[in-house]
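Data first, discussion second: the structure below is written as structure tokens.
The structure presented is a predicted model; accordingly, all values stated were derived computationally and were not measured. Proteins come first, then strands; the chains are lettered A, B, ... in the order of their sequence lines, and each starts at number 1.
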Amino acid sequence: MRISKLFSKTLREVPADAETEGHRLLIRSGMIAPISAGVYAYMPLGLRVVHRIQSIIREEMDREGPDGRAGQELLMSSLVPIEYYERSGRDHVMADILFRLTDHHDRDFALGPTHEEVFVDVFKRNVQSYRELPLMLYQIATKFRDEPRPRGGLIRLRQFIMKDLYSFDADQEGLDVSYQMMFDAYVRVFERCGVPVIPALADSGAMGGRDTHEFLYLTDIGEDHCLLCPKCGYAANAEVATFVKEPASAGEEPKPLEEIDTPGLTTIEALADHLGVPKSKTCKAVFYTASYGDEHGGTREDPVLVAIRGDMDVNESKLKNALGAIDLRYMEEGAVNRAGFVAGSASAVGLENMKVVADELVVQERNLVAGANKMDKHLLNVNHDRDWKADIVADIALAAGGTLCSNCQTPMDERRGIEMGQVFKLGTKYSEAFEAFFLDAEGQQRPAVMGSYGIGIERLLAAIVEDNRDESGIIWPRELAPYDVHVVGLQVEKPEVRAAAETLTAELESAGLSVLFDDREESPGVKFNDADLLGMPLRATVSPRNLDKGSVELRRRGSDENELVPTDVAVEEIKARLAG
RNA sequence: CGGGGUGUAGCUCAGUCAGGUUAGAGCGCACGGUUCGGGACCGUGAGGUCGGCGGUUCGAAUCCGCCCACCCCGACCA
């Protein structure tokens, strides 16, 4: 490819709204172009990278497992009749992000945000016997999610490409094999793409199911929080991370309840300061509105009081799971007051007609300070069982940096990350909803046991650039670069230079390498800067100076060392360097 | 959905507070010339419904109202 003919241009100045350095480089290099909020177009160079990422993913998905099972690629529709999502109930669970449209017969469709329903339906229509299992089906396709707020360049998009694979096994043991195969395949994909990831325990959210890991690329620009144990390697998304909870009142005997005046003290900090007790000796109450799906496909809402020790925060994912709710909304102070409670002085003591969820630790504590449910009053020596009772006791506390690892009691680090991919053990949720049954060896009908496994291509691309760059531009990993070699001709208006550069380019292409040839009549600075920005692994400079020495000059992207090689062996030398 | 910010040439921005000739700069682009190893220089030139609609005014990029788009923080998030 000649740069003089290349459609996309490099930019000297960056569009002002580019957020992260990687995002800036992708736009400046002309790889991607913004179209709308959370929507991008791929320009020629960017698309070549995407194709190479997809090739790597295909190779790893198609790789055979020990029993011969392997991924098979197919392509589903993006346009999905809404009945599919109604059948799984996800027209409600994912209502906020579902792009919906109506055809001219008034039939409702969604632009597929994820395809469990469609895959299980196709599975059902094609598989009847356990002899056909296991199956692993996947596609690389565009997904649509009407995100309330796209952000961070390619991090949260409304339209993106995803590789989604679905495994169908006869039983749980089979699913375990599929899951492990995918887990290992993901490790290899990220490794080959030059992106360091950490597999972390995660929440299954709207997917449903049990075990799930997400692959996190650790970076400050990430929007997920995770906890890492530096000693034993425990890694978990903050949504599910557990930690050691140490009682603050071990061995205390319950003391009599006592009401005290606390004028104007409405925060745990102020209260603890005023009373001279640590926050861990208080119990705070937080109000939520929980929504549940009902049998008729609708929803009902209930208020919930959450009791947790004053020094901890509520983990809304854990709370949602403990309640079995499909949605959870934090109740603002105004709404709490309107509901008849006293925000800032609330507790479960004397409370009736409201569901109370307590963290497992707070019910063990003795003699806590808690709200009296009266303005400017609090209670001393509040004890669970004697003074109040929780309807649900569960771990609902948010792990923070510095809390102790539940495996090995080491203080954990809290880091931010981008979720590159996630693997789920779905079980039979979708196969039962769609009656995707097969006959087992005994002639019994059984639902397929499913897993689902996704990789977000744009997030992967963003992480690749974020992790493979310097101050001048992108440094593509060898396997991902849009072109293998960047041939720079200096003073190409001189016939001998142009001829030599053309010859080198043609010979490299004959040798099976892809070449980006800078044939523009530009000054050297412009060309070198563009070569650095675009980031091909190897640069070959043809110039009058090098021609005089009968040489071509090679430079590896990311290095500042030039190397002269004789023109007649240049192709061999270049191939050797790319291989090594 | 709440809060904040921004919309002027292909890109980055000035001009808006304090209304007043043909709305500016740099980069990019076209043409001519001089250069040539890390975003060179000189000259000439093309390029704008100042986000949209409405209003105030003799006169609006500038003031007022409504709307739209994009970005950030939060809510949300497979």
* Asked: Closer to the 5' end of RNA chain B via nearest nucleotide, is it A/Asp530 or A/Ser36?
  -> A/Asp530
* Asked: With rounding to whole Å, what would you report as the distance between B/rC31 and B/rA18 at their C1' atoms?
  -> 43 Å
* **Distance under 6.0 Å and angle within 45° of ring axis: A/Arg459 vs A/Tyr217** => no
* Structure fact -> Whole-Å distance, A/Ile97 CD1 to B/rC1 P, equals 17 Å
* Look at A/Arg90 together with A/Glu117 and state whether they make a salt bridge at an N to O cut-off of under 4.0 Å. => yes
* To do: Describe the nucleic acid contact of A/Gly152 in one word from base, sugar-phosphate, nothing, applying a heavy-atom distance below 4.0 Å.
  => sugar-phosphate
* Asked: Base, sugar-phosphate, or nothing: which does A/Tyr453 touch, judged by heavy atoms less than 4.0 Å apart?
  -> nothing
* Asked: When rounded to the nearest Å, what value does the distance between C1' atoms of B/rU57 and B/rG65 take?
  -> 16 Å
* **Close residues, residues 74-87 of chain A, relative to RNA chain B [heavy-atom separation under 4.0 Å]** => none
* If only side-chain N and O atoms of A/Lys320 are considered, is one of them under 4.0 Å from the OP1 or OP2 phosphate oxygen of B/rC77? -> yes
* Spacing between A/Met43 atom CE and B/rC11 atom C1', to the nearest angstrom -> 14 Å
* Asked: Across the strands shown, which category fits A/Asp164 at heavy-atom distances under 4.0 angstrom: base, sugar-phosphate, nothing?
  -> nothing
* Inspect the contact between A/Asp530 and A/Arg520 and indicate whether a charged nitrogen and a carboxylate oxygen are less than 4.0 angstrom apart. => yes
* Hey, are A/Lys527 and A/Glu522 close enough for a salt bridge, meaning a charged N less than 4.0 Å from a carboxylate O? -> no
* Asked: Given that both distances must come in under 3.5 Å, which nucleotide forms a Watson-Crick or G-U wobble pair with B/rU44?
  -> B/rA30
* **Rounded distance (Å) that lies between atom C1' of B/rC73 and atom CZ of A/Arg151** => 8 Å
* Within residues 24-46 of chain A or reaching into it, pairs that qualify as ring-ring contact (aromatic ring centres under 6.0 Å, His included) - sequence neighbours excluded -> A/His23-A/Tyr40
* Nucleotide nearest A/Arg545 when distance is taken to its side chain, options B/rG28, B/rA40, B/rG37 -> B/rG37
* Asked: For B/rA40, does either OP1 or OP2 sit under 4.0 Å from a side-chain N or O belonging to A/Ser523?
  -> yes
* Look at A/Glu563 together with A/Arg577 and state whether they make a salt bridge at an N to O cut-off of under 4.0 Å. => yes
* To do: Could you check whether A/Ser472 gets within reach of a base, just the sugar-phosphate, or nothing at all, counting any heavy atom under 4.0 Å?
  => nothing
* Asked: Can you tell me the Watson-Crick or wobble partner of B/rU49, both distances under 3.5 angstrom?
  -> none
* To do: Report the base-pairing partner of B/rA75 (Watson-Crick or G-U wobble, both distances below 3.5 angstrom), or none.
  => none
* Asked: Whole Å only: how far is the CZ atom of A/Arg156 from the C1' atom of B/rG74?
  -> 14 Å
* Just how far, in rounded Å, is P of B/rC70 from CD1 of A/Ile27? -> 14 Å
* So what does A/Asp224 touch, heavy atoms closer than 4.0 Å: a base, only the sugar-phosphate, or nothing? -> nothing
* Between B/rA60 and B/rG20, how far is it from one C1' atom to the other, in whole Å? -> 10 Å
* Asked: If each of A/Glu239 and A/Tyr40 is mapped to the nucleotide of RNA chain B with the nearest heavy atom, which maps nearer the 5' terminus, i.e. the 5' end?
  -> A/Tyr40
* Kindly point out which of B/rG39, B/rC70, B/rG37 is positioned nearest to the side chain of A/Asn546? => B/rG37
* Asked: Should A/Asp395 and A/Lys318 count as an ion pair when the cut-off is N to O under 4.0 Å?
  -> yes
* Asked: Going through the distances and angles, do A/Asn237 and A/Asp203 end up as a side-chain hydrogen bond (donor to acceptor under 3.5 Å, both in side chains)?
  -> CA-CA 8 Å; A/Asn237 192 300; A/Asp203 186 55; over 6 Å; no
* Structure fact -> Separation of B/rC77 atom P from A/Tyr330 atom OH, nearest Å, is 16 Å
* **Same-atom distance (P) from B/rC77 to B/rC66, integer angstrom** => 32 Å
* Structure fact -> If pairing means Watson-Crick or G-U wobble with both distances under 3.5 Å, then the partner of B/rU57 is none
* Asked: Any N or O donor-acceptor pair linking the side chain of A/Glu13 to the base of B/rG26 at under 3.5 Å?
  -> yes
* With no angle test and no hydrogens, is the base of B/rG38 tied to the side chain of A/Arg555 by a donor-acceptor pair under 3.5 Å? -> yes
* To do: Please determine, for B/rG39, whether a Watson-Crick or G-U wobble partner exists with both distances under 3.5 Å, and give it or none.
  => none
* Please work out if A/Glu493 contacts a base, only the sugar-phosphate, or nothing of the nucleic acid, heavy-atom cut-off 4.0 Å. => base
* Do A/Tyr84 and A/Phe109 have ring centres separated by under 6.0 Å? -> no
* So what does A/Arg539 touch, heavy atoms closer than 4.0 Å: a base, only the sugar-phosphate, or nothing? -> base
* **Test: A/Arg416 and A/Asp224 ion pair at under 4.0 Å** => no
* Asked: B/rC76 C1' sits how many Å from A/Glu147 CD, rounded?
  -> 8 Å
* Structure fact -> Among the nucleotides B/rG39, B/rC36, B/rG74, whichever has the atom closest to the side chain of A/Arg149 is B/rG74
* **Nearest-angstrom distance, C1' atom, B/rG39 to B/rC11** => 15 Å
* Asked: Taking the same atom, C1', in B/rU62 and in B/rU16, what whole-Å distance lies between them?
  -> 4 Å
* To do: Report which part of the nucleic acid A/Glu553 touches: base, sugar-phosphate, or nothing (heavy-atom distance under 4.0 Å, all strands).
  => base
* Taking the same atom, P, in B/rC13 and in B/rC71, what whole-Å distance lies between them? -> 15 Å
* Apply ring pair (Phe, Tyr, Trp, His ring centres under 6.0 Å) to A/Tyr453 and A/Phe424, showing your working. => CA-CA 6 Å; A/Tyr453 317 84; A/Phe424 297 88; 8.4 Å; no
* Measure from the side-chain heavy atoms of A/Phe528 and tell me the nearest of B/rG37, B/rC77, B/rC70. => B/rG37
* Does A/Asp532 get its side chain close enough to the base of B/rG39, under 3.5 Å, for a donor-acceptor pair? -> no
* Whole-Å distance between B/rC77 C1' and A/Gln422 CD? -> 12 Å
* Who pairs with B/rG7 - Watson-Crick or G-U, where each distance is under 3.5 Å -> B/rC68
* Asked: Between B/rA61 and B/rG52, how far is it from one P atom to the other, in whole Å?
  -> 11 Å
* With a 4.0 Å cut-off on heavy atoms, is A/Pro148 in touch with a base, just the backbone sugar-phosphate, or nothing at all? -> base
* Charged N to carboxylate O under 4.0 angstrom, A/Glu502 versus A/Arg498? -> yes
* According to the Watson-Crick and G-U wobble definitions, with both distances under 3.5 Å, which nucleotide is paired to B/rG19? -> none
* With both distances under 3.5 Å as the test, what is the Watson-Crick or G-U wobble partner of B/rC13? -> B/rG24
